[in-house]
Amino acid sequence: MSNTPLSDTWERGDPYEYYVGRWSRRIAPAFVNWLNAPPGRRWLDVGCGTGALCAAIVEHGSPASVAGVEPSEGFRETAKKTLSDRATFYAGSAAAIPLQEASVDVVVSGLVLNFVPDPAAALAEMVRVTASQGILGAYVWDYAGKMELMRYFWDAAAYLDPGASKLDEGVRVPLCRPDALADLFAPPAWRRST
């Protein structure tokens, strides 16, 4: 097996959509409905990718505005094509959001925090741009258990080549477990006083 560092970075929207983006579009509306944010709020999707969560916000969140931040130009272009003038997209990362402090009311991140090099720094940045009394929420795939599409794939890969188990996102990405994601949101270090 190669010693080349693993990369979970996608550069083009169409291959991602074909692979797992279609499932992202199914979970995003459920998340927006679960958040139950009041209408007329300014939303930000951190790591917006191809725009699945932004589209769900537009359709189900009754937003005043929707913005997305994404480092991949290919993903941003796919999102822009999908949403045209219904959302604004910025080049940036979860740890460097190009918006002013307290400038949005609802900050969300779907299927991204488990791939961010420093999730605590990303969360602190998300808190920075969230207005007082705002809402902050995130979700990731449970690669270790309930994301069966991935689980079956990695189980089969490890069965055929035991060395493939080192690549399994359920093993190498601890933030994909519910307790790890809850722990990320629990520390007081990133909280600001209101």
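One-based numbering along the sequence shown.
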Sub-3.5 Å donor-acceptor pair from the side chain of Glu70 to the main-chain atoms of Gly49, do we have one?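 Yes: the side chain of Glu70 pairs with the backbone of Gly49.
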With heavy-atom distances below 4.5 Å as the criterion, would you say the side chains of Ser103 and Leu44 are in contact?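 No, too far: nothing below the 4.5 Å cut-off.
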Value rounded to 0.5 Å, distance of NZ in Lys81 from OG1 in Thr50: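 Result: 11.0 Å between the selected atoms.
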Going from CG on Leu83 to OG1 on Thr78, what distance comes out if it is rounded to the nearest 0.5 angstrom?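 One finds 11.0 Å between CG of Leu83 and OG1 of Thr78.
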If every non-hydrogen atom of [X] is compared with every non-hydrogen atom of [Y], which pair is closest and at what distance?
X      : Y      : result
Cys54  : Cys48  : SG-CB, 4.0 Å
Gly47  : Val112 : O-CG2, 3.1 Å
Phe89  : Lys80  : CD1-CG, 3.6 Å
Ala52  : Ala28  : O-CB, 3.8 Å
Trp141 : Ile27  : CH2-CG2, 3.8 Å

With Arg42, which residues qualify under side-chain hydrogen bond (donor to acceptor under 3.5 Å, both in side chains), at least two apart?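 Arg42 satisfies side-chain hydrogen bond (donor to acceptor under 3.5 Å, both in side chains) with Asp105 only.
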Go through the structure and list residues passing side-chain contact (heavy atoms from CB on, under 4.5 Å) with Ala138, not counting sequence neighbours.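 Expected list: Ser109, Leu113, Phe185.
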Can you tell which of Asp45, Val107, Ile97, Thr88 makes a side chain to side chain contact (heavy atoms under 4.5 Å, CB included) with Val69?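 When side chain to side chain contact (heavy atoms under 4.5 Å, CB included) is applied between Val69 and each of Asp45, Val107, Ile97, Thr88, only Ile97 qualifies.
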Applying the side chain to side chain contact (heavy atoms under 4.5 Å, CB included) criterion to Val108, which one of Ile135, Val32, Leu53 satisfies it?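 Of the listed options, the one satisfying the test is Leu53.
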What verdict does the side chain to side chain contact (heavy atoms under 4.5 Å, CB included) test give for Val127 and Leu136, after you've listed the backbone C-alpha separation in whole Å, the side-chain angles of each residue and the deciding distance to 0.1 Å? CA-CA 7 Å; Val127 168; Leu136 193 139; 4.0 Å; yes
Just distance, no hydrogens or angles: give the donor-acceptor pairs under 3.5 Å from side chains in residues 57-68, sequence neighbours left out.
| unit_1 | atom_1 | unit_2 | atom_2 | d |
| --- | --- | --- | --- | --- |
| Glu59 | OE2 | Arg86 | NH1 | 3.0 |

Name all pairs fulfilling the salt bridge (Lys or Arg N to Asp or Glu O under 4.0 Å) condition that reach into residues 46-56, sequence neighbours left out, sorted by first residue then second.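 Every candidate salt bridge (Lys or Arg N to Asp or Glu O under 4.0 Å) pair involving residues 46-56 fails, so no pair, neighbours aside, qualifies.
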If the condition is ring pair (Phe, Tyr, Trp, His ring centres under 6.0 Å), which residues does Tyr139 pass it with, not counting sequence neighbours?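 With sequence neighbours excluded, Tyr139 shows a ring pair (Phe, Tyr, Trp, His ring centres under 6.0 Å) to Phe31, given in chain and number order.
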Can you pull out every side chain to side chain donor-acceptor pair (under 3.5 Å) where at least one residue sits in residues 29-41? Sequence neighbours excluded, please.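 Those involving residues 29-41 do not exist here.
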